[in-house]
Amino acid sequence: MNLTEKNTIRVRFAPSPTGYLHVGGLRTALYNYLFARQNNGVFILRIEDTDRTRYVEGAVDNLINTLRWAGLDFDEGPQIGGNYGPYIQSERLDIYRKYATQLVQEGKAYYCFCTSERLEKMRDDLEGSGAFAKYDKTCSKLSESEVIKNISDGNPYVIRMKVPENRIIRFYDLIRNEVEIASDLIDDQVLIKSDGYPTYHLANVVDDHLMRITHVIRGEEWLPSVPKHILLYEYFGWEIPKLAHLPLLLNTDRSKLSKRQGDVAVEDYKAKGYLKEGLINFIAFLGWNPGDEREIFSLDELVKEFSLERVGKAGAIFNIEKLNWINLQHIHQKSNEELVPILKEILVNSKYNNLKLSDEYLANVIGAMRVRINYIAGILEKSSYFFERPQSYDDTVLKKHWKQETPEHLSKLINEFSLLQSPTKEDYETALKKTAEQLGIGAGKLIHPTRLSVSGVGEGPGLYDILYILGKEEVITRIEIAINKIKI
RNA sequence: GCCCCUAUCGUCUAGAGGCCUAGGACACGAGCUUUUCAAGCUUGGAACACGGGUUCGAAUCCCGUUGGGGGCACCA
């Protein structure tokens with residue numbers, strides 16, 4: 001290992017594969033990524049799948065795909081490997097056992113044969129006494145022969161770490177500065193579970209050390225367990241990485257961001273047609289800002305500007321309206337053509353999946369709707385008439401703009417339209433205004449009923465844009481249908 | 001219950017003792033534009049949780065209170 005390698009900054013994102021990538025997880029991954037990239041460091045993905053009961057099939061691939069979609073490419077991890085693998089904890093069981101056994105031999109950990117029933121009862125008894133329900137260390141007093149007998153009898157066991165009494169454990173956090181916690185408040189943490197898998201605490205410390213992690217950047221929920229980790233680093237004689245605990249992402253009611261109160265899975269936002277640029281930009285600003293008034297950033301710009309020093313300490317509410325606005329700013333920065341693939345994917349997953357529409361048609365639709373939406377699926381929500389004929393006609397618009405004489409006016413308009421040869425938007429406009437003039441009425445008397453006829457609603461892009469996109473034949477057909485269907 | 005973290009407009013935040021009659025953005029109101037709806041532009045209202053210190057001077061430092069969040073598992 002040469003000097004440069006030795007000083008390389010190495011960070012990791014270490015999710016558990018319990019389903020989907022949470023937006024909070026995305027932000028943690030993002031901050032790690034930004035920190036790594038701006039320091040020419042290494043960004044590692046490690047899968048923490050030590051809880052077999054929560055493992056979800058396919059979750060690892062899903063996690064990786066979502067991370068890649070967001071543009072957060074990792075340098076070492078599952079599928080791509082690296083010098084410090086394997087990067088999936090369930091494939092490293094022998095490593096954890098080796099280190100746990102070492103601690104037992106050194107008297108820093110011990111076998112525990114207490115049943116979960118006994119532990120539960122113990123906690124129940126302690127409850128109400130006002131005390132913190134800590135393990136009573138019964139098994140730490142077992143003699144070596146008792147331990148050997150238990151093991152040879154096949155009694156299930158865990159390995160617990162010994163936590164010293166009366167010690168104040170101090171540590172420095174890059175975001176929170178000095179933090180101190182009394183060791184008496186820390187339980188004799190289980191290191192190896194009875195199923196042979198390690199707990200988070202052991203696996204995390206061992207892997208961070210073995211993978212040469214220099215900075216641990218993770219959610220604030222881990223702050224209270226840092227002392228356990230510090231103790232483990234001490235027991236092993238390892239250097240403690242720099243720590244940075246990020247403020248939490250919150251629901252509107254200020255509780256930790258969770259399902260039930262809106263979408264929390266990154267893939268849900270992707271499915272709605274939020275741009276990765278928009279989501280990343282928004283999420284970067286939940287807890288960080290550049291210190292000036294700029295708000296729209298690309299991933300590369302974030303890499304340049306990001307700094308852990310500027311990360312805030314208080315939790316931030318995930319405010320979808322701000323996301324919508326930021327996403328729109330990023331939509332502004334894309335051409336219609338660039339957005340076509342996103343629209344296509346949404347259509348494929350919609351009830352319009354059988355439609356065969358040209359890229360040109362879709363680009364035109366995007367051009368017409370792009371300032372009227374916040375995410376691409378909004379096009380289907382607000383202008384389904386580009387994909388199917390109106391199923392109904394808006395009642396309010398009907399009452400306001402559909403008069404006794406309207407059908408007659410529209411018939412005249414259809415005649416005028418039918419004369420046009422491959423009409424442009426301007427041709428439609430000219431034809432409509434000419435018809436209005438001949439009828440001796442204002443253009444509005446034709447515009448509103450025509451819009452209603454072709455779209456079924458009273459809002460949306462300019463009428464002539466809609467007519468142009470739909471095409472002459474379809475426009476005439478739709479107006480005819482409306483004349484026949486609408487009775488007042 | 002105990003421990004830890006945290007506290008500027010409704011929301012995201014700027015602010016590192018005087019530049020603050022607290023700035024920006026989202027959202028909201030008004031206007032302009034537009035024979036629709038948006039977008040855009042202009043504009044308005046809106047906050048230093050409270051109480052004590054320290055200091056010539058505090059949103060900024062200290063202490064306490066209150067509020068909020070997180071953690072206390074053979075889950076991560």
Side-chain angles (χ1 to χ4, degrees), chain A residues 14-18 48-51 53-54 89 112 114-116 119-120 123 126-135 156-160 173 175-176 179-182 184-187 189-201 203-204 218-227 245 247-248 250 252-256 282 285-296 310 312-326 328 332 368-374 382-383 397 400-401 442-448 451-452 455 457-463 466:
Chain A
S16 8
T18 53
E48 310 219 325
D49 59 342
T50 56
D51 184 353
T53 61
R54 290 211 301 165
Q89 290 186 327
C112 171
C114 293
T115 61
S116 35
L119 294 173
E120 229 164 90
R123 284 197 198 96
L126 254 51
E127 199 113 316
S129 73
F132 153 59
K134 228 163 77 161
Y135 175 58
Y157 64 87
V158 302
I159 297 179
R160 284 180 187 275
D173 184 277
I175 293 170
R176 326 234 156 227
V179 180
E180 50 179 58
I181 296 174
D184 303 45
L185 274 345
I186 305 163
D187 209 348
Q189 178 65 48
V190 170
L191 262 18
I192 299 280
K193 299 181 264 188
S194 57
D195 64 1
Y197 279 67
T199 55
Y200 171 87
H201 308 284
N204 198 260
R218 72 210 331 172
E220 191 188 352
E221 69 267 29
W222 292 109
L223 201 56
S225 39
V226 170
H245 287 88
L248 260 21
L250 275 23
T252 324
D253 68 359
R254 293 220 155 261
S255 56
K256 186 172 159 185
F282 170 65
F285 270 69
L286 255 22
W288 172 87
N289 72 81
D292 54 39
E293 272 148 25
R294 293 170 300 157
E295 289 201 292
I296 303 305
R310 292 201 59 81
K313 297 176 179 183
I317 291 175
F318 188 94
N319 175 207
I320 195 109
E321 286 178 330
K322 184 89 181 219
L323 166 63
N324 283 340
W325 179 80
I326 288 181
L328 180 59
H332 284 334
M369 290 302 294
R370 55 183 298 144
V371 294
R372 279 166 256 266
I373 53 167
N374 291 112
K382 294 186 173 176
S383 56
V397 184
K400 196 169 173 192
H401 296 293
K445 289 236 186 312
L446 284 177
I447 290 175
H448 297 294
R451 170 188 294 285
L452 187 67
S455 75
V457 295
E459 55 180 49
L463 176 64
I466 299 179

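In the text below, chain A, chain B and the rest are named by the order of the sequence lines, each starting its count at 1.
- For B:A59, there is no paired base (Watson-Crick or G-U wobble, both distances below 3.5 Å).
- At a threshold of 4.0 angstrom between heavy atoms, the contacts of A:S16 are confined to the sugar-phosphate backbone, with no base atom among them.
- Pair assignment for B:A49: B:U65, on the basis of Watson-Crick or G-U wobble contacts that are both within less than 3.5 Å.
- Residue A:F285 holds its CZ atom at 8.0 Å from CZ of A:R294, rounded to the nearest 0.5 Å.
- Pairing for B:A25 goes to B:U11, judged as Watson-Crick or G-U wobble with the two contacts each under 3.5 Å.
- Of the candidate nucleotides B:A39, B:G69, B:C74, B:C74 has the atom lying nearest to any side-chain atom of A:V190.
- Taking atom P on both B:G57 and B:G69, the two are 37 Å apart, rounded to the nearest angstrom.
- Residue-level contact check: A:R370 touches neither bases nor backbone, having no heavy atom under 4.0 Å from any strand.
- Side-chain atoms of A:K322 and base atoms of B:A25 include a donor and an acceptor less than 3.5 Å apart.
- Within 4.0 Å of A:P461, counting heavy atoms only, lies at least one base atom of the nucleic acid.
- Counting only distance, with no hydrogens or angles, the side chain of A:R54 and the backbone of A:T50 share no donor-acceptor pair below 3.5 Å.
- Regarding A:D173, its CG atom lies at a distance of 14 Å from the C1' atom of B:G70, rounded to whole Å.
- Taking 4.5 Å as the limit, every side-chain heavy atom of A:L250 sits out of range of all side-chain heavy atoms of A:F318.
- Within 4.0 Å (heavy atoms only), A:T50 reaches sugar-phosphate atoms of the nucleic acid but no base atom.
- Atom-to-atom, CZ of A:R310 to C1' of B:A14 comes out at 8 Å; the value is rounded to the nearest Å.
- Rounding to the nearest 0.5 Å gives a distance of 10.0 Å between OG of A:S383 and CD of A:E459.
- As rounded to the nearest Å, B:C37 and B:G44 have P atoms that lie 25 Å from one another.
- Taking the P atoms as reference points, B:C63 lies 25 Å from B:G70, given to the whole Å.
- Atom CD of A:E293 is separated from atom P of B:A25 by 7 Å (rounded to the nearest Å).
- For B:C4 and B:A46, the P atoms lie 39 Å apart once the distance is rounded to whole Å.
- Among the protein residues, A:P290 comes within range of no part of the nucleic acid, since none of its heavy atoms lies under 4.0 Å from any strand.
- Across B:C4, B:C26, B:G68, the shortest atom-to-atom separation from the side chain of A:R254 is found for B:G68.
- Residue A:R160 contributes atom CZ, which lies 9 Å from atom C1' of B:A73 at whole-angstrom precision.
- Here B:U6 presents its P atom at 15 Å from CG of A:L250, a figure rounded to the nearest Å.
- Side-chain contact between A:K193 and A:T199 is present, with at least one heavy-atom pair separated by less than 4.5 Å.
- A straight line from CD of A:Q189 to C1' of B:G71 spans 12 Å, rounded to a whole angstrom.
- Here B:A38 is the nucleotide among B:C74, B:A38, B:G24 with the atom lying nearest to any side-chain atom of A:V371.
- For B:G52 and B:U66, the C1' atoms lie 14 Å apart once the distance is rounded to whole Å.
- Across the strands present, B:U54 finds no partner; the criterion is a Watson-Crick or G-U wobble pair with both atom distances under 3.5 angstrom.
- B:G40 and B:C32 make up a base pair, with Watson-Crick or G-U wobble contacts both under 3.5 Å.
- Nearest to the side chain of A:T199, among B:C74, B:G71, B:A39, sits B:C74.
- Nearest nucleotide to the A:V179 side chain, out of B:A25, B:C5, B:G70: B:C5.
- Pair assignment for B:C2 gives B:G71, based on Watson-Crick or G-U wobble hydrogen-bonding distances that are each under 3.5 Å.
- Within the nucleic acid shown, A:V158 comes within 4.0 Å of at least one base atom, counting heavy atoms only.
- At least one side-chain nitrogen or oxygen of A:K256 sits closer than 4.0 Å to the OP1 or OP2 atom of B:G71.
- You'll find the ring centres of A:W222 and A:Y200 inside the 6.0 Å limit.
- Mapping A:F318 and A:T115 onto RNA chain B by nearest heavy atom places A:F318 closer to the 5' end of the strand.
- The separation of B:C5 from B:C61, taken at their P atoms, amounts to 16 Å, rounded to a whole angstrom.
- Looking at heavy-atom distances under 4.0 Å, A:R176 makes contact with sugar-phosphate atoms alone, never a base.
- Classification of A:E220 and A:K256 as a salt-bridged pair fails, no side-chain N sitting under 4.0 Å from a carboxylate O.
- Comparing B:A14, B:U36, B:C74 against the side chain of A:N289 picks out B:A14 as the nearest.
- In this structure, of B:A25, B:U36, B:G71, it is B:U36 that holds the atom nearest to the side chain of A:E459.
- Taking atom C1' on both nucleotides, B:C3 is separated from B:G51 by 25 Å, rounded to a whole Å.
- Here B:G24 is the nucleotide among B:A7, B:U36, B:G24 with the atom lying nearest to any side-chain atom of A:E295.
- The side-chain heavy atoms of A:L248 and A:R254, taken from C-beta on, include no pair separated by under 4.5 Å.
- Using a 4.0 Å heavy-atom criterion, one finds that A:G287 contacts the sugar-phosphate atoms exclusively.
- When the nearest nucleotides of RNA chain B are assigned to A:K313 and A:A443 by heavy-atom distance, the more 5′-ward of the two goes with A:K313.
- Using a 4.0 Å heavy-atom criterion, one finds that A:A316 contacts the sugar-phosphate atoms exclusively.
- A:E180 comes within 4.0 angstrom of sugar-phosphate atoms only, judged by non-hydrogen atoms across all strands, and of no base.
- Residues A:R176 and A:H245 have side chains that never bring a donor and an acceptor to within less than 3.5 angstrom of each other.
- Between the side chain of A:N374 and the main chain of A:L328, no donor-acceptor pair closer than 3.5 Å is present.
- Contact annotation for A:F285: backbone-only contact, meaning every heavy-atom pair under 4.0 Å involves sugar-phosphate atoms and none involves a base.
- Under 4.0 angstrom from either OP1 or OP2 of B:U35 there lies no side-chain N or O belonging to A:K400.
- Going from atom CH2 of A:W288 over to atom P of B:C12 covers 17 Å, rounded to whole Å.
- With B:C5, B:A25, B:A73 as the choices, the nucleotide that has an atom nearest any side-chain atom of A:E220 turns out to be B:C5.
- Closest to the side chain of A:L185, out of B:A39, B:C37, B:C2, is B:C2.
- Looking at heavy-atom distances under 4.0 Å, A:G462 makes contact with a base.
- Here the separation of B:G31 from B:C12, taken at their C1' atoms, is 27 Å to the nearest Å.
- A:I447 comes within 4.0 angstrom of a nucleotide base, judged by non-hydrogen atoms across all strands.
- Whole-Å rounding puts the A:D292 CG to B:A16 P distance at 14 Å.
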